[in-house]
Amino acid sequence: MSEIQNRFQDLFGTAPEIVAQAPGRVNLIGEHIDYSDGFVLPFAIKDVTTVALRRRTDEVIRIASLQRSHEIFEFTLESLSPLTGEPWTRYPLGVVWVFSELHKLSGLDILVDGRVPLGAGLSSSAALECSIATGINELFDLRIGLADLARLTQRAENIFVGVPCGIMDQSISLMGRAGSALLLDCRDLSSKNIPFDIAPENLELLIIDTQAHHSLVDGGYAERRASCERAVAELGISSLRDISVTELLNRQAELDPVTFIRARHAVTEMARVLSAVTALEARDFAELGRLLNASHASLRDDYTVSCLELDCAVDTAIANGAIGARMVGGGFGGSAIALISKDDTATITAAISGAFKKAGFKAPRFFTSLPSEGAHITERALPR
Ligand code: GLA
């Protein structure tokens with residue numbers, strides 16, 4: 001038995017029926033445009049959340065986490081309603097809740113082992129939601145496809161947890177493929193795997209967790225979404241996907257200055273994603289780096305979702321030889337990525353640590369990851 005199966009047995013007194021896991025993500029490019037029907041280019045990272053599940057004969061839901069001193073939280077299916085429970089339990093409960101709206105479920109025992117760094121902007125929440133969804137889908141033989149699982153888990157986060165996220169994080173956690181980034185069309189969730197094979201070029205993607213978490217995160221994200229919705233309404237279009245960069249520039253006078261620069265970020269970022277795919281397919285990493293830098297400048301200056309720590313990480317990486325760098329995820333803290341030569345890893349990480357120390361920031365953490373596999377079942381003890 002695996003570690004999580006043993007711990008499940010110790011806590012709940014019986015073995016789990018199934019073990020599922022789902023990864024966190026980084027986004028190469030395509031930031032803050034998933035909720036505007038844009039294209040995004042994320043990949044699944046190697047860090048995963050693993051969950052063990054067992055169906056019960058009653059309607060009780062029991063949840064525990066290996067990261068939370070084994071306390072068991074107990075609910076019933078009937079009592080589930082948005083925003084109830086300890087904040088972290090809302091992610092798994094929200095997923096149970098969205099499934100229970102559509103299918104007759106029994107109670108469940110659930111044990112979580114979350115190994116995606118928390119608060120680093122690497123989507124530990126999507127990893128948790130998608131591991132639970134993958135487990136329930138299999139356990140109750142629901143045969144729901146990946147795009148619908150992404151929509152369900154996003155709904156769990158939007159309604160039950162109360163976070164107005166887009167669809168990117170859940171989609172990549174479910175659909176990721178080892179060796180590839182995922183070109184995802186957020187309008188219809190169609191996708192294409194784009195090989196991201198940088199090792200032969202002696203390159204690596206450095207992930208820099210700034211360890212900064214600013215309190216404006218929640219309001220700031222919702223406010224940016226609202227700006228995009230306002231631009232769409234005022235321009236009389238159905239989404240920012242439907243307007244070219246040139247057309248937006250021609251219609252600048254129809255928008256107030258802030259709404260205009262928010263929309264300019266969205267439409268230029270959508271164009272950069274497609275250029276990045278062309279660059280990757282041509283193995284033109286210098287061009288990819290240029291696009292990463294342009295994405296960061298747009299997020300910093302037009303969308304204003306960066307922060308001092310993210311700018312410091314990006315600027316220091318570039319000043320010390322990175323080919324390109326940018327913030328990833330929602331912003332206001334979390335992580336940045338830098339495309340670097342492997343030969344420069346030590347210099348760049350030392351320079352960033354030094355710059356953070358000098359600025360009086362918390363010490364940053366560094367990771368690397370190649371594109372890894374999306375959510376899947378790892379152990380099964382079902383009668384087949
Ligand atoms: C967060 C959200 C995503 C996406 C990114 C920004 O990670 O969960 O849906 O909007 O921010 O690209």
Side-chain angles (χ1 to χ4, degrees), residues 22-45 47 90-91 94-95 116-130 147 150-176 181-187 189 191 207 209-210 212-214 216-229 239-241 262 265-270 272-273 276 291-292 295-296 298-300 302-307 310 326-337:
R25 62 100 187 89
V26 291
N27 186 17
L28 272 181
I29 195 161
E31 215 64 87
H32 275 282
I33 51 173
D34 57 348
Y35 49 77
S36 291
D37 280 353
F39 293 101
V40 294
L41 192 62
F43 69 73
I45 57 173
D47 302 277
R90 290 178 194 158
Y91 295 90
V95 176
V116 180
L118 289 181
L122 300 176
S123 280
S124 54
S125 41
L128 176 50
E129 291 153 4
C130 295
R151 292 187 185 98
L152 282 174
T153 45
Q154 182 200 18
R155 179 172 156 74
E157 184 154 342
N158 288 168
I159 311 286
F160 202 95
V161 185
V163 174
C165 65
I167 192 91
M168 169 172 76
D169 304 343
Q170 292 80 4
S171 301
I172 184 59
S173 184
L174 290 159
M175 299 176 192
L182 186 78
L183 174 62
L184 179 74
D185 181 343
C186 297
R187 172 167 272 180
L189 296 193
S191 65
I207 303 171
D209 173 11
T210 64
H213 316 289
H214 292 284
L216 32 117
V217 182
D218 302 343
Y221 187 92
E223 195 264 325
R224 298 310 182 280
R225 274 195 81 146
S227 287
C228 290
E229 281 154 22
S239 83
L240 288 173
R241 170 79 169 273
R262 303 289 192 252
H265 164 71
V267 295
T268 57
E269 184 78 351
M270 290 185 201
R272 280 187 289 271
V273 173
L291 292 161
L292 298 182
S295 170
H296 185 76
S298 179
L299 288 157
R300 182 191 60 210
D302 275 1
Y303 222 60
T304 62
V305 289
S306 190
C307 63
L310 285 166
R326 64 177 209 87
M327 53 151 284
V328 292
F332 309 111
S335 293
I337 53 171

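Both counts, for ligands and for their atoms, begin at 1 and track the order of listing.
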Asn27 versus ligand 1: do any nitrogen or oxygen atoms come within less than 3.5 Å of each other? no
With a 4.0 Å cut-off on heavy atoms, is Arg25 in contact with ligand 1? yes
Any donor-acceptor pair under 3.5 Å from His32 side chain to Tyr221 backbone: no
From the candidates Ile172, Ile29, Asp169, Leu299, the one that places a heavy atom nearest atom 7 (O) of ligand 1: Asp169
Just to verify, what does Tyr91 make a ring-ring contact (aromatic ring centres under 6.0 Å, His included) with, not counting sequence neighbours? none
Keeping Ser173 on the side-chain end and Asp169 on the backbone end, is there a donor-acceptor pair under 3.5 Å? no
Atom indices of ligand 1 within 4.0 angstrom of Gly329 heavy atoms, with elements: 6 (C), 11 (O)
Tell me yes or no: between the side chains of Arg262 and Thr304, is some donor less than 3.5 Å from an acceptor? yes
Flag Tyr35 as yes when one of its N or O atoms lies below 3.5 Å from any N or O atom of ligand 1, and as no otherwise. no
Using a 3.5 Å cut-off on N or O atoms only, is Cys165 in polar contact with ligand 1? no
Of all the atoms in ligand 1, which lie at a distance below 4.0 Å from a heavy atom belonging to Asp34? 3 (C), 4 (C), 9 (O), 10 (O)
Within the side chain of Arg225, is there an N or O that forms a donor-acceptor pair under 3.5 Å with the backbone of Pro164? yes
Distance check, rounded to the nearest 0.5 Å: Asp302 atom CG versus Glu269 atom CD? 10.5 Å
Check whether Ser239 reaches the backbone of Arg241 with its side chain - one donor and one acceptor, N or O, closer than 3.5 Å. yes
Could you check atom 10 (O) of ligand 1 against the protein and tell me its nearest heavy-atom contact, residue, atom and distance included? Tyr221 OH, 2.6 Å
Close N or O approach (Ser123, ligand 1; < 3.5 Å): no
